[in-house]
Amino acid sequence: MAYNVVGKSVPRYDLPEKLTGESKYAGDIKLPGMLHAKVLRSPHPHARILSIDASAAEALTGVHAVLTPFNTPTGRVAPDLAILDTTVRFVGDEVAAVAADSEDAAQEALASIKVEYEVLPFVTDPREAIKSYATAIHSGGNLIGGEPLILSRGNIEEGFAEADLVVEESFTTPAHAGAALEPRVAVASWDGDRLTVWKSSRGVHADKLSLASALQIGQENVHVIGPTMGAGYGNKDETRLAAIVSALAKSAGRPVRLELTREEEFVAGRKRHSTETTVKVGVKNDGTVTAIHTITLMDTGAYLSSGPGVVRRAGQGALYLYRCANVQYDGYLTYTNQPSGGSYRALGAPQGHFALESTMEKVAEALGMDSLEFRLKNHVGPEGQPGERITPADQIIDTQPVEGGVPFSSNGLQQCLELGSEAIDWQGRHERNANQSGSRLRGVGMGMFIYRGGPGTPTNAWMTLNADGTLQVTAGTMDVGEGNSTAIPQMVAEELGVAYEDVKVLFGDSDITPEAPITSGSTATFSTGQAALNATKELKSKILAAASESMGMPANNLEIANGVVKAKDGIASMTLAEVAAITGQIRTEASLTPGSTDFIVNSFGAHFAEVEVDTVTGNVDVLHYVAAHDSGNVINPQLATNQVEGGVSQMLGFALTEQMLTDPGSGVTLNGSFLEHKGATIQEFPNIDVIFADVYDPVGPFGMKALGEPPNIGVAPAIINAIYDAIGVRIHDLPATPDKILDALDRKEREGRA
Amino acid sequence: MKPLEVINPSTVQEASQLAQSNGTPTNLIAGGTDLLDEIKEGVVRPDKLVNLVSLTEMQGINVKPSGLDIGAGTTLAELASHSDIIRDYAALAQAAESVATPQIRNVGTLGGNLCQRPRCWYYRSISFLCRKKGGTTCFAALGENKYHAILGGSDCVIVHPSDLAVALISLDASITLSSAASTRTMPVEKFFAGPDVNIMAENVLTPGEIVTSVSIPALPANSKSIYLKAKERQGMDFATSSVAVALTLAGDVVSSARVTIGGVAPIPWRATAAESVLVGKAVGNVDLKEVGEAAVHRAKALEHNGYKIRLTSGLASRAVETLLSQWR
Amino acid sequence: MVGVRSHVTLNVNQAPLDIEIDHRWTLLHVLRDELGLTGAKRGCDRGECGACTVLLDGKPICSCQMLAMQVGDRQVTTIESLGDSSNLNPIQQAFLDKDGGQCGFCTPGFLLSTKALLDSNANPSEWDIRNGLAGNLCRCNAYGRIIESVKEAARLIAEG
């Protein structure tokens, strides 16, 4: 379809100010009289706080407030998380906080706080944590819900009975940190009973509710402002820090600011959950998949955070990526005395897909089938999974269904497999890498994936034609760096017939925007974008109605093009400013629950990697990477390409180098730094081809589907399968660091000699 | 950070006197890229910092027929981009280029690189009072030790983090230490001391002594050198293992060989067994596997660092192979 | 506790500034908290991420890992001395055109490293670009678009 604004690589809306240092991030907020806070953290992985003597700290010059579990509001930040608690559950858990004239003064004051702990037994290994005799980290025990989440379709026993061949493999993935460059920052200021908080946020309205609950004040008394967001990758949805500074600010009677140090970010931020997953697959000799049973044990650490959503999402690939009548997923989620897990781009999907797609590679190998051919034969098609629809006909279909019998709104997975394999020259891979010698060996690998396609929870948006003819889209969402503040005005401008530059954006302020969910689950552009589009349609008809009256022409003879209302078959015209001069300001509002009652809306993709493994150093060099995505119609190709490339490169760390390590004897985090938690630098960035399948989704606004998180999912499978192709050893435990590759080569050589 | 005073001396003599501290915790600071880490972490808590950055006596690279004199205040970026060093002392330029990032190389100095403290995460964390900090336990020996020593560690299993030291030892460099009272010069190799000598320090500096310069003798005719560094990622990383090799040929026979390995022991480790394998061999008769095996002679793995033996052995072979290929 | 303080003159963006500083303050602290130049970001405070990059006598350094007392009479250049959003300089324009950033927190540091690179090498190869920007982390990993932006910047500057 030919569009004027949608599908064009217009510049990122908020980039000019980011290029000059003018953008204000939460850390750049400076208020008159503002104090600086520091947090005292637990040295123990598990302890009860018996008493705290803060009198010496309070007496220090420059110290204005000290917060302890004994003088803190007792509301909850989350169901299992107090602002400050009398039990600490990991090394680094918040114990107390000080507000002082400077960060240095606050830091030095922490040393004067005397805490009496009763040290409790601790458990850092999830396998131990779920045992009945393990120390309970929260009342109710460590296994969340007391039992695993079990989801199934069909009957796996019957499915395995039909199989000619059963393959079972186990894998682990480590905790790894989102590690946004911007550390968490919160600034709080009270005006009487009314609180204003500036924080690095991915959802100002959700933060408002959480803070009101924690501080036990009315929602109407909380104002949350989300300044420019230094990214979060899903990782900054906690309000504990904001609650702490709010309580300190109340006590001190002055604004208070808290910025985490980088080490605190790694320790007390939120990490991708570590997992241990077993995948069992039954196939017939012709390659038909008859059963898939997946069991995941996931560590949520000291607090639940988004754990239930993460363990749910870790199973979706195994439940839905391959056409199969008999599937089951058992997800165990446990507390441990490790730093807390949380949301991180694509939640559990990368962990689940790594295990699934590594196992499927092995299945294809066992069948003697090319693994691309195996996937082309077995991937879920547009018709969906076999089985009966369970969701009532008038209800929206979940984007993570278990049931069969529901088709997809669109499904470009086959295109992704075909286009991607062509771009990497899959068919030629063995020929070009045959007869390799020397210490650097090449191989090619792939993995495919499925993910939620964009429908989220109910949301709102407003469109405004101002009295001077300017336009504004207003929404309670946040642009967390992914670009919804560009894509949404693009869609709005297209619908209205104006230029992209003519639409101003107002997001991220809970007082002056309508409620919207947090920017999560790759839903923001799809869902809040649809709301904005609906509001735009209404605004357009109001503009045309007003113009119709003024111009004396029927509205259906009018159109808006290039920002001007004009007769379709004549020369009469009115500018929007002229319309607004008559109407005054017009604001339209739209609310909606996004999704479809007829279709599953999902995004898809297939990733391919060609790597070179140095068998001397164990380093893996990614020579060529192909990321083929079905995210429906692409609103902004340049931003979309950036999003895919960024996700791929970010997850090279997950595949190859990144993990959070705690000392087993003490629970202390050992590598809380960018130096030691080894994310990709520009030196690692590979040559990436980004391909978008030609798909126009009938449900999504302007045919689009989700793209925020999907780029993260296919990376580990493609890389690990490529390493296997290159050197014949399979890495089961991420990340595939040189030590693991060299040790695996050692084992292989020993076995070869034996 | 707790309060401290920065003092800007105008001569090395004055700096040395200030550094003798008389009971006030005092540190020398040049580029500061390592020391400020330790201060911010609370691992080091000085009251005074003696700033060496503006001392012109410690600046500059002096190229002479007999070799190079390099002021300790010379930045890593200057070393990495100096055309004489790139041509004649390749291992040093390669080692300097391999350090950290452009930003760090623009301020980090030769002296600072040699005197930097170990990266052991137990040493760097205030949560652990390890032997190096006056405690009684080496937490790494039984803990997470994939980056730790396979050679020379007994009571303390740190690895020395300096890249330059490894190259300089293979280049047979000497180091000059100055204090208010005296000046002494010694081979770089002798500058470093393992935990068996002094568990609290990695070198023989005495209070008030300052590394002022390093000298490298001109290599004999028909010599070449190389530095290879293995790391987990290509950008910004310390060595999991590194190798510097300097070879001299007489005809097609190796007449002299110096092999030093880094990232594997509490001090830069001279691999004399590998040198013995090389010296006297005709180029065509060098058994690369034997060189590699000799480089890790007597290496012993901890629980998580067995890979370093294979890695170092392979890296040593590769370094020699690459260097020899440059003669072809 | 009150720290030791001194009056110093710092040369920031071509202007000498007399300022009283606490000896423990880093250059980054002085820029952000005393001078209000918040374009340099505190990403790690350990010299590991490059978000605080400024130029010192034209060379990129991490301002978080240098004490202000050590700066002396050297020239400090911050992002604020490049163009503003209504008047972008060619490097900024190139980053806008090629989408060389996502969340933007690392962006000022990348721009200053790019400026230093292009000032010394008007026509960098891709290897030069990767090497020159190796001290700047972008956790959004917008590296692909950043590399394209630097190439575009070199082109725009060459065109004048």
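Numbered from 1 within each chain, the chains take letters A, B, ... in sequence-line order. All values reported here derive from a predicted model rather than from experimental measurement.
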(request) Looking only at non-hydrogen atoms, find the nearest pair between C/Gln92 and A/Leu19 and report the distance. (result) NE2-O, 2.9 Å
(request) Write down the atom of A/Asn642, the atom of C/Ala142, and the distance for their closest heavy-atom approach. (result) OD1-CB, 3.3 Å
(request) Give a yes or no on whether a salt bridge exists between C/Arg42 and A/Glu103, defined as a side-chain N under 4.0 angstrom from a carboxylate O. (result) yes
(message) So for C/Asn89, is it side chain, backbone, both, or neither that comes closer than 4.5 Å to the heavy atoms of chain A?
(response) neither
(request) Answer with side chain, backbone, both or neither: which region of A/Thr261 has an atom nearer than 4.5 Å to a non-hydrogen atom of chain C? (result) neither
(message) I need the minimum non-hydrogen distance between A/Phe674 and C/Cys44, along with the two atoms involved.
(response) CD1-CB, 3.7 Å
(message) Do the side chains of A/Lys30 and C/Asp33 get close enough for a salt bridge, i.e. N-O under 4.0 angstrom?
(response) no
(request) Indicate the atoms forming the closest heavy-atom contact of C/Thr38 with A/Lys24, along with that distance. (result) OG1-NZ, 3.1 Å
(message) Could you check whether any side-chain heavy atom of A/Leu639 comes within less than 4.5 Å of a side-chain heavy atom of C/Gln102, counting everything from C-beta outward?
(response) no
(message) Less than 4.5 Å to any heavy atom of chain C: does that hold for the side chain of A/Ala680, its backbone, both, or neither?
(response) both
(message) If you count heavy-atom pairs within less than 4.5 Å of chain A, which of C/Leu111, C/Asn136, C/Ile129 leads?
(response) C/Leu111
(message) Heavy-atom cut-off 4.5 Å, strictly under: side chain, backbone, both or neither for A/Gln638 against chain C?
(response) both
(request) Check each atom of A/Ser102 against the heavy atoms of chain C and say whether the ones under 4.5 Å are side chain, backbone, both or neither. (result) neither
(request) Check whether C/Leu88 gets within reach of chain A through its side chain, its backbone, both or neither, counting any heavy atom under 4.5 Å. (result) side chain
(message) So C/Phe95 and A/Pro11, do their side chains get closer than 4.5 Å, heavy atoms only?
(response) no
(message) I'd like to check A/Leu181 versus C/Leu137 (side-chain heavy atoms, cut-off strictly below 4.5 Å). Are they in contact?
(response) yes
(message) What I'd like to find out is whether the side chain of A/Glu645 reaches to under 4.5 Å of the side chain of C/Tyr143, using heavy atoms alone.
(response) no
(message) Counting C-beta onward and ignoring hydrogens, is there a side-chain heavy-atom pair between C/Cys103 and A/Val480 closer than 4.5 Å?
(response) no
(message) If the contact rule is any heavy atom under 4.5 Å from chain A, which residues of residues 46-63 of chain C qualify, in numerical order?
(response) C/Glu48, C/Cys49, C/Ala51
(message) Measuring only between side-chain heavy atoms, which start at C-beta, is C/Asn141 closer than 4.5 Å to A/Met651?
(response) no
(message) So for A/Thr228, is it side chain, backbone, both, or neither that comes closer than 4.5 Å to the heavy atoms of chain C?
(response) side chain
(message) With heavy-atom distances below 4.5 Å as the criterion, would you say the side chains of C/Asn131 and A/Gln683 are in contact?
(response) yes
(message) At a 4.5 Å cut-off on heavy atoms, which part of C/Asp45 comes close to chain A: side chain, backbone, both, or neither?
(response) neither
(message) Within the structure provided, determine whether A/Glu182 and C/Arg139 are in side-chain contact (heavy-atom separation under 4.5 Å).
(response) no
(message) Heavy-atom pairs under 4.5 Å with chain A: which of C/Pro108, C/Gly36, C/Ser85 has the most?
(response) C/Ser85
